[in-house]
Amino acid sequence: MLLERRTLGLVEDDPVMGESLVQRLEIEGASVEWWRSVGAAKRALAGGASAKDAIICDIRLPDGSGEDVFLGAAEGVNPPPFLFMTGFADVNQAVRLIRSGAGDYLTKPFDMTDFLTRISQLIGSGIETSEPVLGVSPAMVGLERLLSRISRSASNVLITGETGVGKEVCARYLHQNSNASKGPFIAVNCAAIPEELLESELFGHEKGALSGAASRHLGYAERAKGGTLFLDEIGDLSLRLQSKLLRLIESRTFSRVGGETVIAFEGRLLCATNLDLREAIKSGKFREDLFYRINVVAVEVPPLRARPEDVVWLADMFMDEIASDRELCPTGLSELAVTALKRHDWPGNVRELRNRIERASLLALGPWVMPGDLFPDQASGNGAVLSQDGMALGSLDAARDDAERQHILRALRSTGGAITPAAKLLCISRTTMWEKMRRLNIEVSEHERAE
Ligand SMILES: Nc1ncnc2c1ncn2[C@@H]1O[C@H](COP(=O)(O)OP(=O)(O)OP(=O)(O)O)[C@@H](O)[C@H]1O
Ligand SMILES: [Mg+2]
């Protein structure tokens with residue numbers, strides 16, 4: 001029995017639906033308390049019924065919304081996870097609830113097996129303890145939770161976000177955590193393939209369908225069988241191919257170019273775009289009906305500047321990746337480099353970060369990556385943000401570093417570059433001087449090295 005000795009709460013006003021769910025859950029060994037209104041559920045939960053393994057909750061109820069039941073329970077200690085049952089119209093609300101920690105949702109009508117699986121997953125998953133893989137910022141931790149919850153559903157997902165934020169990374173995450181993870185992950189960049197080719201690449205073609213089509217060709221849609229079809233830059237799809245894609249989604253079938261055979265589409269569809277599709281709809285470049293079909297669940301990946309906690313975490317991860325790939329490479333990021341990374345606003349997002357780290361680890365001469373290695377394109381080398389009066393704005397540590405650097409350079413200039421007398425001037429030992437020069441990225445000419 002799937003739910004042996006489990007205690008569940010059910011909030012459902014429809015007597016027929018409620019009765020059949022209770023019966024089915026009891027067959028699986030659960031004991032179920034059934035409330036027929038928001039009020040009844042809230043009273044019971046406030047009175048100690050919250051020690052349930054899970055609550056199954058309708059969204060539309062005669063005296064209010066299931067959301068109120070959830071919010072009430074969420075105020076208590078150790079609230080139980082919620083599985084929401086929603087109509088198609090309430091999907092957005094359900095997704096919002098999941099973002100705020102609700103658990104899972106199912107759209108009505110649902111399959112009983114699916115219903116039971118979700119509940120046991122919900123109870124089994126308990127408190128998530130796994131290490132984050134997408135990021136450590138609250139935004140990415142929340143996004144990862146959302147992705148793992150929707151990964152097992154078959155809904156079409158539209159992933160949006162600026163260039164380089166990690167839309168494809170999210171698509172792969174969805175695939176890897178889905179039931180289709182053993183199947184292929186097929187990524188198609190709709191912007192990179194010319195339109196005439198794209199059609200036969202997507203849907204395949206029969207022998208002789210195109211000039212030079214010497215044999216039958218299986219398209220991506222066919223090869224994605226049992227796996228995931230990821231259509232990147234979906235906003236660039238021509239109107240003609242948009243209508244073919246719409247047909248694929250609506251009928252879950254397609255035909256090869258030049259062929260009559262109707263082929264079933266047996267993959268999960270994920271789409272991504274960095275365009276504002278609502279704008280594209282307004283200007284007639286994107287079909288509204290297709291938009292609603294691909295956007296059943298919307299996932300927005302925030303830009304890197306909106307999640308500063310991820311910058312250094314990602315940078316360290318990229319450094320480690322490089323270290324495992326290559327023999328000679330810097331040990332890590334200097335403090336100054338970390339400061340510079342934090343100050344930069346990352347218009348190219350994670351891709352830019354990755355590129356800068358890769359380049360820096362090739363450029364770095366010493367054991368530590370310095371700001372100049374990361375930002376050779378910026379005069380000041382540390383990506384400082386300037387205030388209105390042109391003063392660098394940043395942490396106190398960075399300001400101290402800057403002042404120290406200037407002061408040491410002045411001392412060195414006055415001794416013609418000789419380090420020992422400069423250290424004397426500054427009242428520090430020669431060793432401290434060397435350490436500071438290395439940390440602050442002050443170059444030493446050959447002449448001084450020989451000193
Ligand atoms: N959370 C992450 N963890 C590790 N690497 C990441 C993460 N997000 C993005 N990256 C890396 O950043 C680069 C860009 O990511 P990706 O290709 O997924 O972005 P995108 O949003 O699809 O970009 P575009 O809009 O240009 O298609 C890749 O090298 C990817 O590996
Ligand atoms: Mg991409």
Side-chain angles (χ1 to χ4, degrees), residues 128 130-151 156-178 184-193 198 201-202 220 224 228-237 268-280 286 294-295 297-326 333 341-342 344-362 374:
E128 286 165 65
S130 57
E131 289 283 308
V133 293
L134 294 177
V136 289
S137 62
M140 289 311 271
V141 170
L143 185 73
E144 194 170 327
R145 203 174 293 154
L146 169 73
L147 292 177
S148 68
R149 286 198 174 118
I150 61 179
S151 56
N156 298 337
V157 179
L158 177 65
I159 307 169
T160 56
E162 289 177 14
T163 177
V165 284
K167 296 185 292 293
E168 180 158 353
V169 170
C170 290
R172 286 185 191 275
Y173 182 97
L174 279 173
H175 173 73
Q176 269 148 22
N177 290 284
S178 75
F185 177 84
I186 297 196
V188 188
N189 186 334
C190 300
I193 306 171
L198 186 56
E201 285 302 319
L202 278 178
Y220 296 124
T228 302
L229 178 62
F230 173 52
L231 299 183
D232 202 355
E233 317 292 358
I234 189 80
D236 286 281
L237 212 60
R268 164 93 177 270
L269 183 69
L270 305 177
C271 299
T273 179
N274 53 27
L275 297 178
D276 183 347
L277 287 186
R278 289 175 207 275
E279 280 302 313
F286 204 85
I294 60 174
N295 193 35
V297 182
V299 170
E300 198 184 333
V301 190
L304 191 53
R305 64 182 168 281
R307 41 183 170 111
E309 301 89 342
D310 290 336
V311 173
V312 178
W313 183 81
L314 285 165
D316 283 336
M317 186 166 82
F318 296 149
M319 288 291 296
D320 288 348
E321 273 175 35
I322 294 166
S324 63
D325 270 13
R326 271 213 319 266
L333 301 162
L341 288 175
K342 286 182 182 162
H344 191 60
D345 73 344
W346 305 107
N349 293 298
V350 186
R351 178 175 299 112
E352 179 187 353
L353 175 59
R354 189 184 196 121
N355 291 343
R356 285 194 185 273
I357 296 282
E358 275 177 12
R359 189 174 45 187
S361 64
L362 288 172
L374 287 162

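For ligands, and for the atoms within them, numbers begin at 1 and follow the listed sequence.
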For Asn274, the ligand 1 atoms with a heavy-atom partner under 4.0 Å come out as 25 (O)
Scan Val188, Leu269, Leu158 and name whichever one has a side chain to side chain contact (heavy atoms under 4.5 Å, CB included) with Ile234. Leu158
Checking heavy atoms under 4.0 Å, the part of Leu353 that sits near ligand 1 is neither
Could you identify the N, O or S atom of Asp232 positioned closest to the Mg ion (ligand 2)? OD2
Numbering as shown, the atoms of ligand 1 that approach Glu233 to under 4.0 Å (heavy-atom distance): 27 (O)
Protein non-hydrogen atom found under 4.0 Å from atom 9 (C) of ligand 1: yes
Any side-chain heavy-atom pair from Leu229 and Leu270 closer than 4.5 angstrom? no
Select the closest option to atom 2 (C) of ligand 1 among Leu314, Thr160, Thr163, judged by heavy-atom distance. Leu314
With heavy-atom distances below 4.5 Å as the criterion, would you say the side chains of Cys271 and Phe230 are in contact? no
Between the main-chain N or O of Asp232 and the side-chain N or O of Lys167, is there a donor-acceptor pair closer than 3.5 Å? no
Close-contact set for ligand 1 against Asp232 heavy atoms, below 4.0 Å: 27 (O)
Hey, does Met140 come in under 3.5 Å of ligand 1, counting only N/O atoms on both sides? no
Salt bridge or not for Glu321 and Arg354, using N-O below 4.0 Å? yes
When you measure from atom 23 (O) of ligand 1 to every protein heavy atom, which one gives the shortest distance, and what is it? Gly164 N, 2.9 Å
Arg278, CZ atom: more than 12 neighbouring heavy atoms under 6.0 Å: no
Is a donor on one side and an acceptor on the other found under 3.5 Å between the side chain of Glu233 and the backbone of Cys190? no
Is there a polar contact, in the sense of an N or O pair closer than 3.5 Å, between Gly135 and ligand 1? no
Does any donor atom in the side chain of Asp310 or Ser137 lie under 3.5 Å from an acceptor atom in the other side chain? yes
Numbered atoms and elements of ligand 1 in range of Met317, under 4.0 angstrom, heavy atoms: 3 (N), 4 (C)
Non-hydrogen atom of Arg172 closer than 4.0 Å to ligand 1: no
Ignoring hydrogens and geometry, is there a side-chain-to-backbone donor-acceptor pair from Asn349 to Leu304 under 3.5 Å? yes
Quick one: look at Phe318 and ligand 1, take heavy-atom pairs under 4.0 Å, and tell me if it's side chain, backbone, both or neither. side chain
For ligand 1, the portion of Glu168 having any non-hydrogen atom under 4.0 Å away: both
Nearest protein heavy atom with distance in Å, relative to atom 20 (P) of ligand 1: Lys167 N, 3.4 Å
Taking only heavy atoms of Arg354, which atoms of ligand 1 are found under 4.0 Å from at least one of them? 29 (O), 31 (O)
Is it the case that the side chain of Ser151 and the backbone of Asn177 share a donor-acceptor pair, with hydrogens and angles ignored and the cut-off at 3.5 Å? yes
Can you name the atoms of ligand 1, numbered from 1 with element, that are less than 4.0 Å from a heavy atom of Leu134? 1 (N), 2 (C)
